[in-house]
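For reference, the structure discussed in these notes is given below.
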Amino acid sequence: MDDWTILQLVLYGAGSLVALTQSVVFTHYHRVFRRDHLLLWALSFLALALYLSTSAISITLLGSMPASHPLRLTVSSISLVSAYVQVALLIMGTLAIWRTHRWSRRQVIAALGLATTFGLFGALAFAFDPQYVQERFFLRVGLRYLVGGLAALAMGFAIAIRWPRGRLGQQLTALALILYAADLLHIFASYCAQAGYGITWPWMRHVGVASVLTQLFIGYGLVVWLLEDERDRAERATDAAEHLRHFDPMTGLPNRQHMLSMLARQLEQQQDTTLLLVRVDNLGHIAAAFGMDGVDLALATSAERIDEVARSRGLFAARPDADHFSLHGTGLDTEAGAGRIAEQVLDALARPLFWNGRELALEASIGIALAPQDADTADALQSRAEMARARARREGAMRYRFYAPDLDAEAQQRLVLQAELRAAFARDELVLEFQPLLDGWSLEICGFEALVRWQHPTRGRLYPDAFIAELEALGMIEDLDMWVLERACTAALSWQRPGGEPIPVAVNISAYSFQRRDFPDTITTLLLRTGLSAGCLELEIVESIALELPERAVVSLDCLRELGVRVMLDDFGTGFSSLKHLRQLPFDGIKIDRSFVIDVLVDPRDAAIVRAMLALAHSLGLEVVAEGIETPAQLAWFQSAGCDRLQGFHFHRSMEHEAAVALVKRTPERAAT
């Protein structure tokens, strides 16, 4: 073995070792970062290592064999296939990171198939004909250097043009590919010179050193490129995390932290600052009717419309909470200007919004606080605006209110009241009173309505208007419903008369309880536990409860009627579409709101409306109850109009359980029909 052969063997071995090391490095990085291009690079250098090692074997150990020998053909085929596969994988890996493109499995297989076909063609063509030595040499050696050199040159210039200055990894890779291409094309040129003109360049003995160095240079450039790419990814992730710290991901608006920071800067500069706090109040109803997609649409649309108003008035919009938005800024030195903006926001939110062919109505309330007169810190300003917004919400839908000092005292009172309500259940301070219902013709007692009262330790007996809203805010209204139902059913057992007509107890049910899917099952369990007959229980619900989920309401009403429990529509006449829903929802009767009863003798229009209600209900087979009868004249009017049951102070005020039982015992007994 001469010195030239030994040198070639050493260079091929060194190049193979370098390529194998680079393959191991990129395989490790692939396991860490899970990037497709790293796997392609690892396989590319593995193919290069295989090419160099098989080339060394073919030149040194098999060089004396004929070209058609099976062993030499096998080694040559592996070598050439590895060479072309290495070029294909290197190009695909570099393109994957360069264009942020992910190759599909089909594309990778197609590229490797093409490279394999090209390599096999070069290895097997002219292999069995000794006359075509030059052609065989060109296909096996020269063409590989030509294809590899041109591909590396194209990739090098493409990367150099694509990436600007300052990207060290890409520029090193581009330079290394160009040098590698120059080395391959130089070798190709030397072979052409030797084959065509018999010219041998003396420095070609040492050109293998340049090949090893350029391969190492390519690997180094790719590693630097990888590290820079991961650094950029980390910086982008940091920027995204920083953005999320200050901006809402759904709407893109600043979040509470960013809003308070801007308000604080404005207050530090002693600027007159205005904060409008907007809450979308009916998201719960939207979720029940349209699902969470409807909620997302409602929030996104609200954000767009509020931001549009804010930009038009030189203000900043934000989303400080899940269902809250805000508009804030300086330059609005009068309440009139802030009020006009609030009206614009309400008008914008009131515009029609449709989802799957159905209109999705938005309801909102707005609180306004001004600095420095209302607060001198950002947190306090938001708190004042929320107090005003809560007052606006209690006054009705689509309203706005300014902060006033009395709201602080009101907020403190509400906190105290809520704390006392939590203790009221434990101390058994809630009591039930019962107001009789009388037959419209005989004026005999035919039922009682259960009315809850709070025996406050210092304020005396309180009516529901004083505490029901706070129970809803505390999420305890369902507990109250169950408590009232349990006590009412137990009480109703005590006034039933054997053999007589049932004397039912009527209980008002909140929306929170009625809308539960298991509500009919809860009533069934309650009746079994207390022993009360289903015909002795009557439930009263307001129209809005049934309208929120009409399909579920129909199912619940049908289940309750099958059970034998009567369901009455309370406050009839105050809903916007009561007549329509009388036909659709299976109620047993209606209860005319007291606002119509009070004016029936003085307002001919109310009298006409009540007569129409009675006629409509009776035509549908529904029973009618009039509440709020306070004078003999009202009694005479409703008796003449044919009202089925009557209730009011003219007959009896609400009374405790013992008094109700005593009243029933004093009333003459009617025979059961």
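Heavy-atom basis, side chains included; hydrogens, waters and symmetry copies ignored. We number each residue from 1, following the sequence as shown. Source: prediction; values computed, not measured.
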Requested in this report: Answer yes or no: are there more than 12 heavy-atom neighbours, outside Arg653 itself, under 6.0 Å from its atom CZ?
Outcome: no

Name each donor-acceptor pair under 3.5 Å that joins a side chain in residues 611-621 to protein atoms two or more places apart or in another chain, with its distance.
unit_1, atom_1, unit_2, atom_2, d
His618, ND1, Leu614, O, 3.3
His618, NE2, Asp644, OD2, 2.9
Ser619, OG, Ala615, O, 3.3
Ser619, OG, Leu616, O, 2.6

Requested in this report: Would you check if the side chain of Asp593 reaches a backbone N or O of Ser595 as a donor-acceptor pair within less than 3.5 Å?
Outcome: yes

Report task. Please confirm whether the backbone N or O of Asp347 pairs with a side-chain atom of Arg351, one donor and one acceptor, at under 3.5 Å? Result -> no

Query raised in the report: Quick one: are Phe651 and Ile445 in side-chain contact, heavy atoms under 4.5 Å?
Result: no

Query raised in the report: Ser383 side chain to Asp379 main-chain N or O, any donor-acceptor pair under 3.5 Å?
Result: no

Requested in this report: Decide side-chain contact (heavy atoms from CB on, under 4.5 Å) for Leu315 and Val309; before the verdict, give the C-alpha distance in whole Å, the side-chain angles of both, and the deciding distance to 0.1 Å.
Outcome: CA-CA 8 Å; Leu315 302 177; Val309 174; over 6 Å; no

Query - Pair Leu349-Ser302, side-chain contact (heavy atoms from CB on, under 4.5 Å): steps then yes or no - result: CA-CA 6 Å; Leu349 295 178; Ser302 299; 3.9 Å; yes

Query raised in the report: Do Ser494 side-chain atoms and Ala491 backbone N/O form a donor-acceptor pair below 3.5 Å?
Result: yes

Report task. Please name all residues satisfying side chain to side chain contact (heavy atoms under 4.5 Å, CB included) with Arg393, sequence neighbours left out, ordered by chain then number. Result -> Asp281, Glu363, Ser365, Arg389, Ala397

Requested in this report: Please examine the side chains of Glu540 and Lys591, heavy atoms only from C-beta on, and report whether any two atoms are closer than 4.5 Å.
Outcome: yes

Query raised in the report: How far apart are the C-alpha atoms of Glu486 and Leu526, what are their side-chain angles, what is the distance that settles it, and do they pass the side-chain contact (heavy atoms from CB on, under 4.5 Å) test?
Result: CA-CA 7 Å; Glu486 184 87 28; Leu526 175 68; 3.3 Å; yes

Report task. List the steps and the verdict of side-chain contact (heavy atoms from CB on, under 4.5 Å) for Tyr403 and Ile368. Result -> CA-CA 6 Å; Tyr403 167 78; Ile368 307 173; over 6 Å; no

Requested in this report: State, to 0.1 Å, how close Arg313 and Gly337 come at their nearest heavy-atom pair, and which atoms those are.
Outcome: NH2-O, 4.4 Å

Query raised in the report: Counting distance only, does the side-chain N/O of Asp374 pair as donor-acceptor with the main-chain N or O of Leu370 below 3.5 Å?
Result: yes

Requested in this report: Could you list the residues that satisfy side-chain hydrogen bond (donor to acceptor under 3.5 Å, both in side chains) with Glu304, not counting sequence neighbours?
Outcome: none

Query raised in the report: With distance as the sole test, does Asp599 use its side chain to make a donor-acceptor pair with the main-chain N or O of Val602 at under 3.5 Å?
Result: no

Requested in this report: Supply the atom-to-atom distance Glu429 CD to Leu462 CG, rounded to the nearest 0.5 angstrom.
Outcome: 10.0 Å

Requested in this report: With rounding to the nearest 0.5 Å, note down the distance linking CD in Glu444 to CD1 in Ile503.
Outcome: 10.0 Å

Requested in this report: Report the distance from atom CG of Leu360 to atom CZ of Phe354, rounding to the nearest 0.5 Å.
Outcome: 10.0 Å

Query - Any Thr274 side-chain heavy atom under 4.5 Å of Leu327 side chain - result: no

Query raised in the report: How about Gln496 and Cys536: do any of their side-chain heavy atoms sit closer than 4.5 Å?
Result: yes

Requested in this report: List the atom of Ala450, the atom of Val505, and the distance in Å for their closest heavy-atom pair.
Outcome: CB-CG2, 4.0 Å

**Report entry** Atom of Asn508, atom of Asp481 and distance for their closest heavy-atom approach
**Finding:** O-OD1, 4.1 Å

Query raised in the report: Taking atom types as modelled, is there a side-chain donor on Glu433 or Ser654 under 3.5 Å from an acceptor on the other?
Result: yes

Report summary line: Closest heavy-atom pair, Ala534 versus Leu563, reported as atoms and distance to 0.1 Å, is CB-O, 3.2 Å

Query raised in the report: Got a sec, which pairs hit ring pair (Phe, Tyr, Trp, His ring centres under 6.0 Å) with one end in residues 442-480, sequence neighbours left out?
Result: Phe448-Trp495, Trp454-His456, Trp454-Phe467

Query - Minimum heavy-atom distance Val565-Asp588, with the two atoms named - result: O-OD2, 4.1 Å

Query raised in the report: Got Val452 and Leu432 here, is their nearest side-chain heavy-atom distance under 4.5 Å?
Result: yes

Query raised in the report: At what distance, to the nearest 0.5 angstrom, does NE2 of His650 lie from CG of Leu438?
Result: 9.5 Å

**Report entry** Heavy-atom closest pair, residues Leu277 and Pro320
**Finding:** CD1-CG, 4.0 Å

Query - Under the side-chain hydrogen bond (donor to acceptor under 3.5 Å, both in side chains) test, residues paired with His652 that sit two or more places apart - result: none

Query raised in the report: Residues two or more places apart in sequence or in another chain: which of them pass side chain to side chain contact (heavy atoms under 4.5 Å, CB included) with Glu478?
Result: Tyr512, Ser513, Arg516

Query raised in the report: Do Val625 and Cys643 touch side chain to side chain, with heavy atoms closer than 4.5 Å?
Result: no

Query raised in the report: Under 4.0 Å between a Lys/Arg side-chain N and an Asp/Glu carboxylate O for Arg566 and Glu623?
Result: yes

Query raised in the report: Between atom CZ of Arg605 and atom CZ of Phe596, what is the distance when rounded to the nearest 0.5 Å?
Result: 11.0 Å

Query raised in the report: Quick one: side chain to side chain donor-acceptor pair (under 3.5 Å) pairs with a partner in residues 626-641, sequence neighbours left out?
Result: none

Report task. Identify, with sequence neighbours excluded, every residue that meets side-chain hydrogen bond (donor to acceptor under 3.5 Å, both in side chains) alongside Asn356. Result -> none

Query raised in the report: Gln382 versus Met259: any side-chain heavy-atom pair under 4.5 Å?
Result: yes

Requested in this report: State which residues pass salt bridge (charged side-chain N to carboxylate O under 4.0 Å, His left out) with Arg319; sequence neighbours excluded, sorted by chain then number.
Outcome: Asp248

Query raised in the report: Thinking salt bridges, do Arg561 and Glu538 make one under a 4.0 Å N-O criterion?
Result: no

Query - Residues in ring-ring contact (aromatic ring centres under 6.0 Å, His included) contact with Phe402, at least two apart in sequence or another chain - result: none

Query raised in the report: Roughly how far apart are Leu646 CG and Leu437 CG, rounded to 0.5 Å?
Result: 9.0 Å

Query raised in the report: Is it the case that more than 12 heavy atoms not belonging to Phe519 sit under 6.0 Å from its CZ atom?
Result: yes

Query raised in the report: Can you check whether Gln647 reaches Pro436 side chain to side chain, under 4.5 Å on heavy atoms?
Result: no

Report task. Please identify each residue that fulfils side-chain hydrogen bond (donor to acceptor under 3.5 Å, both in side chains) with Glu343, with sequence neighbours left out. Result -> Tyr400

Requested in this report: Name all residues meeting the salt bridge (charged side-chain N to carboxylate O under 4.0 Å, His left out) criterion together with Glu656; count only those two or more places apart in sequence or in a different chain, and write none if there are none.
Outcome: Arg461

